[in-house]
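First the structure, in the form of structure tokens, and then the observations on it.
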Amino acid sequence: MNSIGIDAGSTAVKLAIYDGKEFDLRIRPTGWSPKETVSKMLEDIENEKYIVTTGYGRMSIANYDKRVTEITCHGKGANYLREQTRTIIDIGGQDSKIIRVNNKGQVIDFLMNDKCAAGTGKFLEMTCHLLEKDIRDLDEFVNSTNPANINAMCAVFAESEIISLLASGERLEDIAAGVIDSIVKRTLSLIGRVGFDEDIFFSGGLSRSKVIRKCFENTLKKKIHTHKHSQFTGAIGAALIGYEVMLKED
Amino acid sequence: MNSLNKIVEKFEDAKRNSVVDLKRKKENGKKIVGTFCAFTPKEIIIAADAIPVSLCGMKNEPISAAEQHLPRNLCPLIKSSYGHAITDTCPYFYFSDLLVGETTCDGKKKMYEYLNNIKEIHVMQLPQTLDRESSLSYWQEEMKLLAEKLEERFNVEITQEKLIDAIRLCNKERLVMQKLFGLGMNQPPLISGYNMLKVIQGIGYQELSDDYLTYLEELIDVLAVNNQKVDNAKRILITGCPLGADTEKVVRIVEQSGGAVVAYENCTGLKAKMELVKESSDPYHALAKKYLNIGCPCISPNKKRFKMIEELIYEYNIDGVIDVILQSCHPYSVETYGLKEFTLKECQTPYISVETDYSSSDLGQLMTRIGAFIEML
Ligand code: SF4
Ligand code: SF4
């Protein structure tokens, strides 16, 4: 029997299938219906399964055995990907969060920003759209030592600020670097409020970007760890939680 | 339908019927006084043969109307209260012959200035600290001013006997309420937090009398027997801004996520119900003492609230504290930092603050925050 963790995020659905030894990881854009995307992704899995759903869209998935919030799943998943982890920075499409965990990956404290787009992946996406760049190429085109100053506290105002920066001839890469800078600073202000322990793990879609990670390291003056599967942190955590329940129920 | 739901419904009916009841009493010459806060000494109002009713706005609906006069980034409780007044959508406001407010938070006292254009409001000047000896005598003086105002306005005399009798009656009500809240002390609790809130809201609008209190006590006894035990749920203490109607969502989400609200520290709950008024020969002094010692963040420093939370954590065997902050409420939101430190360090109990308003747009966010907090316990 497999344990399946489904992390239905705002931009992508991540799936982690766990048989007690290995993970099979899958990802697809969420599209307009997380429910349909998920059932397509589950189509070829025939044998018995235990499903744990998490993420923004967890409530819209009808087929599940357990629902767990992304905070708890991220804690568990980060502990699996890097056992020493004590603080997790997660920047997702709709929100950003700081999670503190103990040596078992159990959450001790967390803070979340989901009220405002500045400080989330959405803001970066918006910027890339304005700059006519692909967010996946971020690491290639942002190589700036001179990030522009973005002052606006709100993504809506920041947008007009970016437009006027563009009009005044500011370089694209400086603008993008400025936006990254402001996202990082916003996230760090969250950290300031929960505090952090050594060994920081960066998860979520944006963790694949080296530029962003570097920016965190420079501002925090601390090493920031990540993992090639860091995007699957939540899904892996969900699958692990499901697996534990399966073992208990046996 | 099980009998528990029937009893809870009885309380809900009581609230609906109270409008008709008040109307009848008013037609028979009773005076009605609208209040907004736990600092209002309702004993004095009762001693003036009037009925105090709470006008705290708990609904989202009138907020957009209120925003024509008030800033958007103001606490929804203030906007809702004002909105009800200007749109004439609250029967209790409509029935009120006089309003009584206090100088608590900035938003409220400035709103009262506008409210006064619609209906006369007597604003009591509340001292902001317990750390000065003069606070008590000042507040006592304010109690007397309120009494004089009521005497003149309603052409009555507030005698010593009437006042002492009102104190006795309100103390009795506090004891009945303590009994109700005590249902949550049981492990597992004898009533869900959601139903508890329904019951509290049903009680709040009745005219107090010995008969009514006896009836209430009997109902609470029945509740205790017909309990719906909530097994294995994490025991949650709710503190923060007042709750009701459109903020019931917080309690609902807690109880859908594996928690049980077993105690309310806020104004809706135990905050002003724990301490009784001393039944002495100097009623104004006793009232001033009681009504100054309320753990509200408008008082600075506000040690009383912290102390009460600590006591409740032990008495109710609390697993986690949820501090509910209404958007733009500065007194409570500033206090979150200190309270978090306090509950974590002094009480070794996990704490989370959640911000919300009267709309339903933050349901998803609340579910994630509260859900993750309860999973963490
Ligand atoms: S929180 Fe404070 S100001 Fe608000 S109603 Fe309660 S006692 Fe009054
Ligand atoms: S909730 Fe806060 S801002 Fe609103 S009336 Fe009460 S103290 Fe004032």
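Note on naming: letters A, B, ... go to the chains in the order of the sequence lines (proteins, then strands), and numbering restarts at 1 for each one. Treat the numbers as computed from the prediction; the structure is a model and nothing was measured. Side chains are part of it too, since the values below use all heavy atoms of this structure and drop only hydrogens, waters and symmetry mates.
- When heavy atoms are compared at a cutoff of 4.5 Å, B/Leu377 does not approach chain A at all.
- Around atom CD of B/Glu341, more than 12 heavy atoms belonging to other residues, nucleotides or ligands sit under 6.0 Å away.
- Contact of A/Ile108 with chain B is made through the backbone alone, with heavy-atom distances under 4.5 Å.
- Atom CD of B/Glu61 has 12 or fewer heavy atoms from other residues, nucleotides or ligands within 6.0 Å.
- Around the OH atom of B/Tyr114, the shell of radius 6.0 Å holds no more than 12 heavy atoms that belong to other residues, nucleotides or ligands.
- Using a 4.5 Å heavy-atom cutoff, the side chains of A/Phe110 and B/Ile352 are in contact.
- At a threshold of 4.5 Å between non-hydrogen side-chain atoms, the residues A/Thr69 and B/Arg369 do not count as touching.
- Listed by first then second residue, pairs satisfying ring-ring contact (aromatic ring centres under 6.0 Å, His included) with a partner in residues 294-333 of chain B read B/Phe306-B/Phe342, not counting sequence neighbours.
- For NZ of B/Lys59, the number of neighbouring non-hydrogen atoms (other residues, nucleotides, ligands) closer than 6.0 Å is 12 at most.
- Checked by atom type and distance alone, the side chain of A/Gln106 never pairs as donor or acceptor with a backbone atom of B/Met376 at under 3.5 Å.
- Around OH of A/Tyr56, the count of heavy atoms belonging to other residues, nucleotides or ligands within 6.0 Å does not exceed 12.
- Around NZ of A/Lys35, the count of heavy atoms belonging to other residues, nucleotides or ligands within 6.0 Å does not exceed 12.
- Note: A/Glu70 leads A/Arg67, A/Met59, A/Glu70 in heavy-atom pairs under 4.5 Å with chain B.
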Candidate pair A/Asp109 and B/Tyr351, rule side-chain contact (heavy atoms from CB on, under 4.5 Å), full reasoning: CA-CA 9 Å; A/Asp109 202 359; B/Tyr351 164 101; over 6 Å; no
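- When heavy atoms are compared at a cutoff of 4.5 Å, B/Tyr337 does not approach chain A at all.
- Put simply, of A/Val68, A/Leu111, A/Thr54, the one with the most heavy-atom pairs under 4.5 Å next to chain B is A/Val68.
- Residues B/Thr368 and A/Met112 meet the side-chain proximity criterion, which asks for heavy atoms closer than 4.5 Å.
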